[in-house]
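All remarks here apply to the structure that follows.
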Amino acid sequence: MACLEQNMLQTIKEHTLSDKNFVDPPGGIVINLPVETTNLLSIRRKALPIVFLPGIMGSRLKNGGNLIWDLDSGFLAAGYGAYNRLADLSAGERYALLAAKRQSHTIPGNPGDSLTDEDKEHNLRFSERYPHGAKRGWGGVYWQGYGDLLKALDEWNTPLKLFLDMPVYAVGYNWMLSSKDSGEKVAVIIKKIKALHNASHVLLITHSMGGLVARWACKNEGLEDIVYGVVHGAQPSRGAPDAYRRMVAGHTNEGLTGNMLSRTLGPDDATVTAVLAYSGGGLELLPSARYTLGAVPERFGATKTAWLHCLTRYDDGGQRYMSLPPAKTSAGNDSADPSPQASGDPYEGIYKKQGAFWNLLHPEWLDRKTPDSIHDVIDSLDNAKEFHDKLVCKDKNKSLYVHPRTIQMYSSGGNTTFCEIVWEAIEITNDIIDDLARIDSSRSPGFDSDYSDFSGNVYRRMKNYGKYQAIVRVPEGKEIDSGLIVEGDLYKDDFGSDGKIRRWIAEGQRFFRCRLLDRRESLTIRQKRESLTLPRIFLGDGTVPRESGRGLRPKLDKLPEGFKPYAHRDLADVEDDADKELHCTFLPTVAEHSNFFDQRAILAAKNALHNLALGWLEEQGGVSGQELECGLRCLQKEPISVTMDF
């Protein structure tokens, strides 16, 4: 018996490995291991943390110990302290809850946050199976939206983990502030994560606005040197017209999910604006001066950077067409603003303008109790412009800043996306005159659906059009395209027995029904011998257009040897293979923006992170990524015992 035990001991060999001594030649350490021997391999692993940054509204928020934003807290986000249900809050109440004290919001559950222990009930969602999740910030982000991604990366059975400790972190941020402010704070946390694991680098993976936060932190907060590579998912790198649309029309109300988002995030213009107008990060999601429609020819004098279109139809059969933002060359587009400060600039040409039916901001939607409210928002728009300007490189092409090892993922097709916004203004003066001739003026002809603004003033909206439409009046001799509107929308009292509408008509004022086109509609515009159907492009993930999702121009020269981007070919995708190489781009999913990390996107993210990690090991070990991967797979297939040395 003793002899047998001695023989067994003689057949056990211990080996301590690192990434440098088992891959030359590939699998060499496995090939040279003694046969008929139990080989115990102790692997000295290096740390390469993975850090995830969520999108807007994807971080849970507290203020003064009260939870004020948490999409995980029940259907329709019930349970917001004294307010009970966010869906029932007015514009002013939403402002008081989320915007008024925005500077002091905190993220419960961020890595190292003292509030982590206070969040035990929420952390029960993952704490039993992933007890380390609470310490790694998983409780600070929208779990129902991002939990699958975090779990998949944590459970990822890649052979890389034989040599790499890859802890998965989530870092939330206060999305009511600018992505600049968030980038500063996120950079501090990521540097602490790096130090905690004694790591030389980390890998980043982002969703939506988290990509803007990451790019700011890398370019301006010293993260580029410690971030080895970045994987961006659904980043609106050049902005998204849907952000404008939601601020002037609220969220869509289509289907169960649409109904929930509409009631929770804001069912109309005033309730959405009450939050997003005061959110620096929200304003940074608007189309920037570098937004483009891509391969779209110039139309009626408008350039491919013009994404907001307005068509006005008059009772006499005439029409006017206008494209914004205005361009330097506005020939054929005589309603564009030719001023130099507005040329091609949506901030001056669209967002900061007041008095037009297509305005982003109306004073009645803002906090009238604060006299400087509109000036605060304008300052935030200036900051948003400055933010995007500082994410531009100083090269001659003024390209967008991108980390040298960047992989971007986006959806192309599968979901109709507002790449262009189209307004239609139809004169209804004669219709109102006909109605007044038939019915008593104390009634509201053809109108219903009361609507309250930020200050409680009640408007009337045209029947069957709801939040997508407003009625405006324009004095005699004025063009509606000039943007002049008297007292905003029509008030409820304007249809009262005082005959105000009759008096306005007698004064020669004209009335227009102004509405946004929805996803199912299009308009054909004719000028001279040309005709144009708008909107023309519906490629994207439902929120971020394809051109913005792939708007970064990462290069391949800094990526691991042998790394090749891959893509599925979509029916709606007509770009050529050379373009894919140039963009180093994945097209992993047709999921909607808010659910971007579906199983296809998670698989693509793993592949991207795998290649980046191989590149990091290649630089650390001085061997090629292909040789390293071959060695890893040889080692993994051998029937040997492996112990991990953390």
*Flag, side chain of Thr417 to backbone of Cys419, donor-acceptor distance under 3.5 Å*: no
*asked:* Under a 3.5 Å distance rule, please check whether Arg102 uses its side chain to pair with a backbone N or O of Met176 as donor and acceptor.
replied: no
*Backbone of Ile426 reached by a side-chain donor or acceptor of Thr312 within 3.5 Å*: no
*Flag the pair Leu61 / Asn174 as yes when at least one side-chain heavy-atom distance between them is below 4.5 Å, and no otherwise.*
yes
*Is it true that Phe52 and Tyr146 have ring centroids separated by less than 6.0 Å?*
yes
*Under the 3.5 angstrom rule, does the side chain of Ser380 hit a backbone N or O of Tyr278 as a donor-acceptor pair?*
no
_Exercise: identify the closest heavy-atom pair between Gly282 and Met209_ = N-SD, 4.4 Å
*With a cut-off of 6.0 Å (strictly less than), are more than 12 heavy atoms of other residues, nucleotides or ligands near NZ of Lys352?*
yes
*Smallest separation among heavy atoms of Ser548 and Ser237, with atom names*: O-OG, 2.6 Å
*asked:* Whether Arg215 engages the ring of Tyr401 as a cation-pi pair (distance to the six-membered ring centre under 6.0 angstrom, angle to the ring normal within 45°) should be assessed.
replied: no
_Can you tell me how the ring of Trp307 sits relative to the ring of Tyr244, calling it parallel under 30°, perpendicular over 60° and tilted otherwise?_
perpendicular
*Is the side chain of Arg546 donor-acceptor paired with the backbone N or O of Leu539 at a distance under 3.5 Å, no angle test?*
no
_Quick one, Asp181 with Lys185, criterion salt bridge (Lys or Arg N to Asp or Glu O under 4.0 Å). Give me CA distance, side-chain angles, the key distance, then yes/no._
CA-CA 7 Å; Asp181 298 321; Lys185 295 180 179 180; over 6 Å; no
*Indicate the atoms forming the closest heavy-atom contact of Tyr321 with His309, along with that distance.*
OH-ND1, 2.9 Å
_4.5 Å side-chain heavy-atom contact, Pro241 and Pro545_ = yes
*Does the side chain of Lys390 come within less than 4.5 Å of Trp216's, by heavy atoms?*
yes
*Exercise: identify the closest heavy-atom pair between Met247 and Val272*: CA-CG1, 4.0 Å
*Report yes or no: do His105 and Asn63 form a side-chain donor-acceptor pair below 3.5 Å?*
yes
*Do any N or O atoms from the side chain of Ser182 and from the backbone of Tyr173 form a donor-acceptor pair under 3.5 angstrom?*
no
*If you look at every heavy atom in Tyr347 and Leu381, which pair is closest and at what distance?*
CD2-O, 3.7 Å
*Report yes if the distance between the aromatic ring centroids of His593 and His207 is under 6.0 Å, otherwise no.*
yes
*asked:* Check this for me, if you would: do Arg313 and Glu427 make a salt bridge, where the nitrogen-to-carboxylate-oxygen distance has to be below 4.0 angstrom?
replied: no
*Could you tell me the separation between the CG atom of Leu98 and the CD1 atom of Ile68, rounded to the nearest 0.5 Å?*
5.0 Å
*Please report the shortest heavy-atom distance between Ala274 and Ala99, naming the atom on each side.*
O-CB, 3.9 Å
*asked:* Glu521 vs Arg515, test: salt bridge (Lys or Arg N to Asp or Glu O under 4.0 Å). Steps then yes/no.
replied: CA-CA 12 Å; Glu521 296 181 283; Arg515 69 188 186 96; 2.9 Å; yes
*Can you tell me if Ser288 uses its side chain to pair, donor with acceptor, with the backbone of Arg290 under 3.5 Å?*
yes
*Is a donor on one side and an acceptor on the other found under 3.5 Å between the side chain of Asn110 and the backbone of Val171?*
no
*Counting distance only, does the side-chain N/O of Glu284 pair as donor-acceptor with the main-chain N or O of Ser179 below 3.5 Å?*
yes
